[in-house]
Amino acid sequence: MERKLLLTVSIIMNLVFTIHILYRNSTTWNPTWTSRAAIEAEDAASVSCSGHGRAYVDGIGVLGGKQPSCECNNCYTGKDCSILLSDCPVNANSGDPLFLEPFWMRQAESSAALVSGWHRMSYIYQDGTYMSEALETVIRKLHSVVGNAVTDNRFVIFGSGSTQLLAAAVHALSLTNSSSSGPARLLASVPYYAMYKEQAEFFDSVHLKFEGDAFAWKNSERNDNTTQVIEVVTSPNNPDGKLKRAVLDGPNVKTIHDYAYYWPYFSPITVPADEDLSLFSLSKTTGHAGSRFGWGLVKDKTVYENMKRYITLSSMGVSRTTQLHVLQLLNVVVRDGGDNIFHFGHETLKKRWETLNKVLSLSTRFSLQKIKPEYCNYFKKVRDFTPSYAWVKCERPGDANCYEIFSEAKITGRDGKVFGSEESFVRLSLIRSQDDFDHLIDMLKKLVFQEGVEAHSI
């Protein structure tokens, strides 16, 4: 009897210890859970790709446990991106802001964000919204330290890039149309960013119609002061980098201010933007175009609620993982008042513009946009504009299509007619990688040299 009792007690104790061990293993924190992810990130970062490419943790090469393979910059190839392709066309079309990549590589530790497998699995944050309160706070601080926008008495709204926010803003403002003269008209002054026209025509809303140039509308008979009008003002402008103001005014006019490029890299910060509806993009703030994040500052509550409804129904907010990433990046920016990143970016573009001006100053065939320097409240001095893009004009009467002239010289820009302008213009991107810019300059030198050869042969 005593032996049976001891056996029973032993079994019970073993069960208790087993359950305790299993429970302990399932709940006790493992302090090394980040090790594998950190090693993978370090492995990808250690692949040099000869300085002409990058390896990524999510690259194809990682399948099967292999080291990430190189993804080469334009015109480079080979396993380590060491081979420069001859006679390769320059990509000066895309607005990829890769000129800031070297800055973030220097900030590898401070900008890194490790994401747990259970991070923000819910649709909503604890306050019931789709927006990170911490991220909203740092965005307001960012505008305060840069001095490029007033955030007091404004609602902040997040979107998947300023592209989604633009669609949400146009939708929200078109709903306020009380006119009996048909849909609201969407306008922008030439040259304008093509996305405004493309979105309006793609969505084909009964509430909205793209009407083209704001100046043409202002001087036309259709401007009857009763038709609901929405004007998009891009400042600094894409493609020419100039600071712009609204062309239209009146009780029937609503305005969207696209300030994607209103940062010290590209433009003097002359005054804080103090508008009813302003849009910003992470793409041109930190260079992270692929993160697809933007935000708006909205004064009117009804417009804000209609924009929020649009974003909720189309995407249920922005990815929570993206918001974590953006929070980490913007914390790096604001910790020193933006001093490091804005000086780095401005100096990079300043050098690129100096190089470009030097090359094209030898040409009578091509000209660049001219913008008068202005006082910058951020840098506390008068400074030149250093826009994202060169807005090049072909001056010869025979060069009817500037885009084709550059294409024949193996330089792929963006046609002036895409911006509602004349075909005698072409836009060249100056914010891509250093490889892209160096290649662009090499090809421009050849084009300008050929101009001299032609002149001497006459």
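All values below come from the heavy atoms of this structure, side chains included, with hydrogens, waters and symmetry mates left out. Computed from a predicted model, the values in this text were never measured in an experiment.
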Pick one: which of Tyr196, Tyr193, Tyr192 meets side chain to side chain donor-acceptor pair (under 3.5 Å) with Asp258?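 Result: among Tyr196, Tyr193, Tyr192, Tyr196 is the only option passing the side chain to side chain donor-acceptor pair (under 3.5 Å) with Asp258.
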Identify which one of Asp415, Asn238, Asp240 satisfies the side chain to side chain donor-acceptor pair (under 3.5 Å) criterion when paired with Arg427. Asn238
Check side chain to side chain donor-acceptor pair (under 3.5 Å) between Ser189 and all other residues, then give those that pass, not counting sequence neighbours. Lys244
For [X], is the [atom1] atom crowded, meaning more than 12 foreign heavy atoms sit under 6.0 Å from it?
{"X": "Glu395", "atom1": "CD", "value": "yes"}
{"X": "Phe215", "atom1": "CZ", "value": "no"}
{"X": "Arg309", "atom1": "CZ", "value": "no"}
{"X": "Lys299", "atom1": "NZ", "value": "yes"}

Run the numbers on Gln164 and Ser314 for side chain to side chain donor-acceptor pair (under 3.5 Å), then give the verdict. CA-CA 9 Å; Gln164 185 187 36; Ser314 60; 3.0 Å; yes
If the test is side chain to side chain contact (heavy atoms under 4.5 Å, CB included), which one of Asn340, Thr348, Thr286 qualifies with Phe103?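 It is Asn340, the one option of Asn340, Thr348, Thr286 that forms the side chain to side chain contact (heavy atoms under 4.5 Å, CB included) with Phe103.
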Does the SG-to-SG distance between Cys49 and Cys72 fall under 2.5 Å?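 Between Cys72 and Cys49 there is no disulfide, given that their SG atoms are not under 2.5 Å apart.
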Selection residues 386-417 - residue pairs positive for disulfide (SG to SG under 2.5 Å), sequence neighbours left out: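 Residue pairs passing disulfide (SG to SG under 2.5 Å), neighbours aside: Cys394-Cys402.
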Would Asp339 and His343 count as a side chain to side chain donor-acceptor pair (under 3.5 Å) if you check the C-alpha gap in whole Å, the side-chain angles of each, and the deciding distance to 0.1 Å? CA-CA 6 Å; Asp339 186 66; His343 276 85; 3.1 Å; yes
How are the rings of Phe425 and Trp391 set relative to one another: parallel (under 30°), tilted (30 to 60°) or perpendicular (over 60°)?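 Ring orientation of Phe425 relative to Trp391: parallel.
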